[in-house]
Amino acid sequence: MRIRPAALIIENNHVLFLRYDYPGGSKFALPGGNVDAGETFPVTIARECEEELGIEVEVHDLLFTGQVHATDDYSACVHLVFEGDIVGGIPHIQAGETTADDLVWVPVDKIADLTIYPSINDAILDYVHTGKKGQYLGTLKQIWL
């Protein structure tokens, strides 16, 4: 089972996403990635943000977690989403470090309409509107390819 920690970074009522373009349309993911040996989840997030986006990120509280079950094409994955703040740099795609096509700042009021990997639209909006942290979301729908 993979573990994918990610950061929910909100600035000026916009959320930072990586955009992946496929023939069926664009998919969006929060910045983060796979844990390397010996890393804590916050260290993973900070490293991935620096490698892929050229930014320094401070990682805060765990907001929510959920899981995606294995399929014939994908291994099972636990997703952990933490609060994050950019404390250095301006985000931009680092060529060769990510398969993302671009990064985008999405207004909070447009998040419900996005195809997010995994499908955490409601959890993001719930956090934005209530500030509720530490939720277990259960099984997440994965819309990726």
Side-chain angles (χ1 to χ4, degrees), residues 1-22 24-108 111 114-145:
M1 177 178 282
R2 292 184 326 115
I3 299 173
R4 186 181 189 278
L8 178 62
I9 299 171
I10 302 172
E11 290 188 0
N12 301 315
N13 216 30
H14 287 67
V15 176
L16 179 62
F17 285 99
L18 296 172
R19 190 188 79 226
Y20 299 81
D21 295 328
Y22 293 100
S26 295
K27 314 295 185 234
F28 299 84
L30 295 175
N34 296 319
V35 180
D36 285 347
E39 284 184 332
T40 63
F41 301 139
V43 167
T44 297
I45 294 167
R47 175 185 52 76
E48 290 282 351
C49 286
E50 183 174 335
E51 289 174 358
E52 295 183 353
L53 301 174
I55 56 175
E56 183 181 348
V57 173
E58 190 172 281
V59 180
H60 304 289
D61 294 338
L62 176 66
L63 298 178
F64 41 86
T65 185
Q67 64 193 73
V68 174
H69 294 288
T71 66
D72 291 339
D73 297 320
Y74 297 100
S75 61
C77 186
V78 173
H79 292 269
L80 305 162
V81 178
F82 291 80
E83 290 176 296
D85 288 313
I86 298 172
V87 294
I90 297 171
H92 60 283
I93 292 292
Q94 300 289 309
E97 294 294 331
T98 179
T99 59
D101 293 288
D102 202 359
L103 66 88
V104 292
W105 288 97
V106 177
V108 168
I111 288 175
L114 292 182
T115 302
I116 299 175
Y117 162 78
S119 187
I120 55 173
N121 309 54
D122 292 341
I124 293 171
L125 291 171
D126 187 42
Y127 169 71
V128 167
H129 296 300
T130 70
K132 192 184 317 179
K133 300 177 185 180
Q135 293 185 78
Y136 172 62
L137 304 176
T139 300
L140 302 171
K141 186 175 180 183
Q142 176 172 302
I143 302 169
W144 191 234
L145 298 176

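Bear in mind the structure is a predicted one, so any value in this text is a computation, not a measurement. Because only heavy atoms are used, hydrogens play no part in the values below, and waters and symmetry mates are left out as well, while side chains stay in.
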Check [X] against [Y] and note the closest heavy-atom contact, atom names and distance.
X: Val35; Y: Pro5; answer: CG2-CD, 3.7 Å
X: Ala6; Y: Leu30; answer: CB-CB, 3.9 Å
X: Val68; Y: Pro118; answer: CG2-CB, 4.0 Å
X: Cys77; Y: Arg4; answer: SG-CB, 3.9 Å
X: Leu18; Y: Pro31; answer: CD1-CA, 4.3 Å
X: His60; Y: Phe82; answer: O-CD2, 3.4 Å

Does [X] have more than 12 heavy atoms from other residues, nucleotides or ligands lying within 6.0 Å of its [atom1]?
X: Glu39; atom1: CD; value: yes
X: Asp36; atom1: CG; value: yes
X: Asp122; atom1: CG; value: no

Going by atom types only, do Tyr127 and Glu83 share a side-chain donor-acceptor pair under 3.5 Å?
->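 Yes - a donor-acceptor pair under 3.5 Å links their side chains.
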To the nearest 0.5 Å, tell me how far [X] [atom1] sits from [Y] [atom2].
X: Ile55; Y: Glu48; atom1: CD1; atom2: CD; result: 11.5 Å
X: Ile45; Y: Glu50; atom1: CD1; atom2: CD; result: 14.0 Å
X: Leu137; Y: Gln67; atom1: CG; atom2: CD; result: 10.0 Å
X: Ile111; Y: Phe28; atom1: CD1; atom2: CZ; result: 10.5 Å
X: Leu103; Y: Phe17; atom1: CG; atom2: CZ; result: 12.0 Å
X: Glu11; Y: Leu16; atom1: CD; atom2: CG; result: 8.0 Å

Given Tyr136, Phe64, Phe41, Tyr117, the one that forms ring pair (Phe, Tyr, Trp, His ring centres under 6.0 Å) with His79 = Tyr117
Any salt bridge between Asp102 and Arg19, counting N to O under 4.0 Å?
-> yes
Could you check if a side-chain atom of Ile93 sits within less than 4.5 angstrom of a side-chain atom of Leu53, using non-hydrogen atoms only?
-> yes
Can you find a pair of side-chain heavy atoms, one from Thr44 and one from Ile3, that are under 4.5 Å apart?
-> no
For the pair Asp85 and Ile9, evaluate side chain to side chain contact (heavy atoms under 4.5 Å, CB included) and give the outcome as yes or no after the intermediate values.
-> CA-CA 6 Å; Asp85 288 313; Ile9 299 171; 5.9 Å; no
Please lay out, stage by stage, how Thr98 and Tyr20 fare under the test side chain to side chain contact (heavy atoms under 4.5 Å, CB included).
-> CA-CA 10 Å; Thr98 179; Tyr20 299 81; 4.0 Å; yes
Side chain to side chain contact (heavy atoms under 4.5 Å, CB included) evaluation trace for Leu63 with Ile124 | CA-CA 9 Å; Leu63 298 178; Ile124 293 171; over 6 Å; no
Just do the side chain to side chain contact (heavy atoms under 4.5 Å, CB included) check on Leu8 and Ile120 with the steps written out, would you?
-> CA-CA 11 Å; Leu8 178 62; Ile120 55 173; over 6 Å; no
side-chain contact (heavy atoms from CB on, under 4.5 Å) test vs Asn121 passes for just one of Ile116, Asp126, Thr115, namely Ile116
Short side-chain to backbone donor-acceptor contact, Asp101 and Asp21, under 3.5 Å = yes
